[in-house]
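Below you'll find the structure, written out as C-alpha cells, and then a few comments.
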Amino acid sequence: VVKKIIEKTVLSGIEALLLQLVCKAGRLLKNRIATKHHIVFKSEIDIVTEMDHMVEDLFLRTIAKKYPEHDVLSEEMIESTGQEYPKTPAPKGIVRWIVDPLDGTTNYAHGLPHFAVSAGIEYQGEIVMGAVYNPMLRELFFAKKGKGAFLNGKRIKVSGLKRFRQALLATGFPYDLKTSKINNFTEFKYISEHCQAVRRAGSASLDLCNVACGRFDGFWEYKLKPWDVAAAALIITEAGGKITNFSGRGLNIYGGSFVATNGELHTTLVRAVKTGSERLANA
Ligand code: IPD
Ligand code: CA
Ligand code: CA
C-alpha cells in the first residue's frame with residue numbers, strides 16, 4: 001500500500017512537470033516561429049533548427065534538476081549525435097521520458113503553424129502518461145493510463161465511423177522516400193482510392209491526437225521513432241481507439257511503423273496498408 005502511495009505521489013509530481021514543460025516549450029516555439037531559423041540538414045530532407053535544440057535543452061535541464069534519476073530519450077540528443085536509440089523499454093523501476101521537442105520541424109522551419117511538443121512517460125515497460133501540445137491552437141492533449149484522454153481538460157473519444165469509404169485518414173512519408181522502396185507511395189494511392197480522403201499534415205503526434213479526438217478516423221505511417229508516438233499512443237488508447245504495429249496486433253512504440261484508428265476501422269486499414277504495399281511488390 002505504502003509503495004502504491006509513494007508511486008502515486010511521485011507520478012503526480014511528474015504529471016505536473018510534464019504539463020508545465022510541454023506548455024512552456026510550446027510557448028517558446030510559438031513566440032519564435034516568425035524569426036529566421038538556423039537550419040542544419042540531418043539528411044537530404046530531414047532538418048533540425050536551433051529551436052529543436054533549445055526546447056530539448058529545456059527538457060533535459062529541467063528533468064535533470066528535478067529528477068536526476070530519470071532516463072530521457074529525446075530526438076535530437078540521439079539524431080544530432082548519430083547515436084542509435086534504444087529499441088526496448090527502460091529497465092524495471094526506471095522512469096523514462098520520451099520527448100519530441102518539436103514534432104513538425106519542416107512545417108515550423110517554413111513558418112507553417114502546424115507542429116507540437118510531445119512527451120510520454122514510460123514506466124515498467126509501458127507508457128503511463130502522455131502530453132502533446134499544439135501552441136498555435138492552444139490545444140493540450142493529455143492522457144494517463146486508465147484515466148482517460150483529455151483535450152484542454154475535456155474528455156475526448158475517437159469517432160464512431162464504421163464505413164471505410166467515408167473515412168478521413170492521415171499519413172506521412174519517411175525521410176528516405178527518395179531512395180527507399182518503402183516510401184508509402186503505393187499505399188497512399190491505394191488507400192486514397194478507397195476512403196474519403198487522406199491528409200499529410202507533417203506532425204505525426206498531432207495526426208494521432210486528431211484520431212484520438214475524432215477529427216481523423218485513422219492514421220498509418222512507416223519508420224516513425226518512439227518520440228513521434230510515445231505520448232499520442234496512450235492518448236489514442238485512452239480515447240477508446242486502437243494503435244498497433246503493421247501486423248494489426250500488439251503495440252511496441254520502438255517498432256517503427258504504426259496503424260492507429262477509431263477501432264472500428266482497424267482491420268480494414270491494416271489490410272489496406274498491406275494490399276497497398278503489395279501493389280509495389282507486384283508492380
Ligand atoms: C516528423 C513528423 C512528420 C512525419 C515524420 C516525422 P519531426 O517528425 O512527425 O509528420 O511524417 O516521419 O519524423 O522530424 O518533425 O520531428
Ligand atoms: Ca517527430
Ligand atoms: Ca522532432
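Predicted model, so just to flag it, every value in this text is computed and none were measured.
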query: According to the interplanar angle, ranging from 0 to 90°, do the rings of Trp97 and Phe59 count as parallel (below 30°), tilted (30 to 60°) or perpendicular (above 60°)?
result: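 Rings of Trp97 and Phe59: perpendicular, over 60°.
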field: Whether Tyr108 and Phe115 hold their rings parallel, tilted or perpendicular, with breakpoints at 30° and 60°
entry: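 Answer is perpendicular, since the angle exceeds 60°.
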Quick check against the 3.5 Å criterion: does [X] have a side-chain atom that pairs as donor or acceptor with the backbone of [Y]?
{"X": "Glu238", "Y": "Ala143", "result": "no"}
{"X": "Gln124", "Y": "Gly93", "result": "yes"}
{"X": "Ser180", "Y": "Asp176", "result": "no"}

Non-neighbouring partners of [X] that pass side-chain contact (heavy atoms from CB on, under 4.5 Å), sequence neighbours left out:
{"X": "Thr35", "value": "Arg32, His37"}
{"X": "Ala197", "value": "Leu168, Arg199"}
{"X": "Phe185", "value": "Phe173, Leu177, Asn183"}
{"X": "Arg215", "value": "Glu139, Phe141, Leu151, Asn210, Cys213"}

task: Could I get the full list of side chain to side chain donor-acceptor pair (under 3.5 Å) partners for Lys189, not counting sequence neighbours?
output: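 Testing Lys189 for side chain to side chain donor-acceptor pair (under 3.5 Å), a comparison that skips the adjacent residues, returns Glu193.
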query: How would you list, by chain and number, every residue that makes a side chain to side chain donor-acceptor pair (under 3.5 Å) with Tyr190, sequence neighbours excluded?
result: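 Residues passing side chain to side chain donor-acceptor pair (under 3.5 Å) with Tyr190: none at all.
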query: Taking ILVMFWY side chains as joined if any heavy atoms are under 4.5 angstrom apart, and letting links pass through other members, which residues group with Val48?
result: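 Taking Ile, Leu, Val, Met, Phe, Trp and Tyr as members, Val48 shares its hydrophobic cluster with Val40.
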query: Ile39: which other cluster members, linking ILVMFWY side chains closer than 4.5 Å, directly or transitively?
result: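 Members besides Ile39, by chain and number: Phe41, Ile47.
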query: So does Arg138 have more than 12 non-hydrogen atoms from other groups sitting under 6.0 Å from CZ?
result: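 For Arg138, atom CZ is not crowded (no more than 12 foreign heavy atoms under 6.0 Å).
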message: Please determine whether the number of non-hydrogen atoms from other residues, nucleotides or ligands lying under 6.0 Å from atom NZ of Lys223 exceeds 12.
response: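 Counting neighbours around NZ of Lys223, more than 12 heavy atoms of other residues, nucleotides or ligands fall under 6.0 Å, so yes.
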Less than 4.5 Å apart, side chain to side chain, heavy atoms only: is that true for [X] and [Y]?
{"X": "Leu206", "Y": "Asp103", "result": "no"}
{"X": "Arg165", "Y": "Gln196", "result": "no"}
{"X": "Leu17", "Y": "Lys66", "result": "yes"}
{"X": "Thr237", "Y": "Lys242", "result": "no"}
{"X": "Thr171", "Y": "Phe188", "result": "yes"}
{"X": "Leu102", "Y": "Val55", "result": "no"}
{"X": "Ser74", "Y": "Pro101", "result": "yes"}

Which atom pair, heavy atoms only, marks the closest approach of [X] to [Y]?
{"X": "Ala260", "Y": "Leu269", "answer": "O-CD2, 4.1 Å"}
{"X": "Asp207", "Y": "Phe216", "answer": "O-CD1, 3.6 Å"}
{"X": "Cys23", "Y": "Leu140", "answer": "SG-CD2, 4.2 Å"}
{"X": "Ile235", "Y": "Cys209", "answer": "CD1-SG, 4.0 Å"}
{"X": "Ser159", "Y": "Asp217", "answer": "OG-OD1, 2.7 Å"}
{"X": "Val198", "Y": "Ser192", "answer": "CG2-OG, 3.6 Å"}

From [X] atom [atom1] to [Y] atom [atom2], the distance as rounded to the nearest 0.5 Å:
{"X": "Thr106", "Y": "Ile45", "atom1": "OG1", "atom2": "CD1", "answer": "7.5 Å"}
{"X": "Arg271", "Y": "Ile191", "atom1": "CZ", "atom2": "CD1", "answer": "12.5 Å"}
{"X": "Leu265", "Y": "Phe219", "atom1": "CG", "atom2": "CZ", "answer": "15.0 Å"}
{"X": "Leu18", "Y": "Ile121", "atom1": "CG", "atom2": "CD1", "answer": "5.0 Å"}
{"X": "Asn184", "Y": "Glu187", "atom1": "CG", "atom2": "CD", "answer": "5.0 Å"}
{"X": "Met51", "Y": "Asn31", "atom1": "CE", "atom2": "CG", "answer": "8.5 Å"}

- prompt: Stepwise, does the salt bridge (charged side-chain N to carboxylate O under 4.0 Å, His left out) test hold for Lys178 with Glu44?
  reply: CA-CA 9 Å; Lys178 296 186 189 179; Glu44 195 192 342; 3.3 Å; yes
Do [X] and [Y] share a hydrophobic cluster, counting only Ile, Leu, Val, Met, Phe, Trp and Tyr and linking them when any side-chain heavy atoms are less than 4.5 Å apart?
{"X": "Val259", "Y": "Ile182", "result": "yes"}
{"X": "Val158", "Y": "Phe150", "result": "no"}
{"X": "Ile33", "Y": "Leu112", "result": "no"}

- prompt: Any side-chain donor paired with an acceptor under 3.5 Å for Ser118 and Asp100?
  reply: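 Absent: no donor and acceptor within the cut-off.
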query: Passes side-chain contact (heavy atoms from CB on, under 4.5 Å), Asn262 versus Val211? Steps please.
result: CA-CA 7 Å; Asn262 62 1; Val211 175; 5.5 Å; no
Side chains of residues 126-136: which donor-acceptor pairs under 3.5 Å do they make with residues two or more places apart or in other chains?
from   : atom 1 : to     : atom 2 : distance (Å)
Asn134 : OD1    : Met136 : N      : 3.0
Asn134 : OD1    : Leu137 : N      : 3.3

task: Quick one: which residue pairs count as a salt bridge (charged side-chain N to carboxylate O under 4.0 Å, His left out) with a foot in residues 71-97, not counting sequence neighbours?
output: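 Residue pairs passing salt bridge (charged side-chain N to carboxylate O under 4.0 Å, His left out), neighbours aside: Lys42-Glu75, Lys42-Glu76, Lys42-Glu79, Asp71-Arg96, Glu79-Lys225, Glu84-Lys87, Arg96-Glu122.
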- request: Determine, stepwise, if the pair Leu58 / Lys24 fulfils side-chain contact (heavy atoms from CB on, under 4.5 Å).
  value: CA-CA 9 Å; Leu58 172 69; Lys24 192 169 174 188; 4.1 Å; yes
message: salt bridge (charged side-chain N to carboxylate O under 4.0 Å, His left out), that's the test. Do Glu15 and Lys144 meet it? Break it down for me.
response: CA-CA 9 Å; Glu15 177 179 335; Lys144 211 151 73 168; 2.7 Å; yes
- prompt: Should Ser203 and Asn107 be marked as a side-chain hydrogen bond (donor to acceptor under 3.5 Å, both in side chains) after you check the CA-CA gap, both sets of side-chain angles, and the distance that decides it?
  reply: CA-CA 8 Å; Ser203 168; Asn107 288 349; over 6 Å; no
- request: Could I get the full list of salt bridge (charged side-chain N to carboxylate O under 4.0 Å, His left out) partners for Asp46, not counting sequence neighbours?
  value: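 Per chain and number, Asp46 pairs via salt bridge (charged side-chain N to carboxylate O under 4.0 Å, His left out) with no residue.
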message: side-chain contact (heavy atoms from CB on, under 4.5 Å) for Leu208 and Asp228? Distances and angles first, verdict last.
response: CA-CA 9 Å; Leu208 290 163; Asp228 295 312; over 6 Å; no
query: Which residue pairs pass the ring-ring contact (aromatic ring centres under 6.0 Å, His included) test with at least one member in residues 222-263, sequence neighbours excluded?
result: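 ring-ring contact (aromatic ring centres under 6.0 Å, His included) check on residues 222-263 returns Tyr85-Trp227, Tyr222-Phe246.
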message: Please evaluate residues Arg249 and Thr244 with respect to the criterion side-chain contact (heavy atoms from CB on, under 4.5 Å), reporting the C-alpha separation (whole Å), side-chain torsions for both, the decisive distance (0.1 Å), and the verdict.
response: CA-CA 6 Å; Arg249 271 170 281 107; Thr244 65; 5.8 Å; no
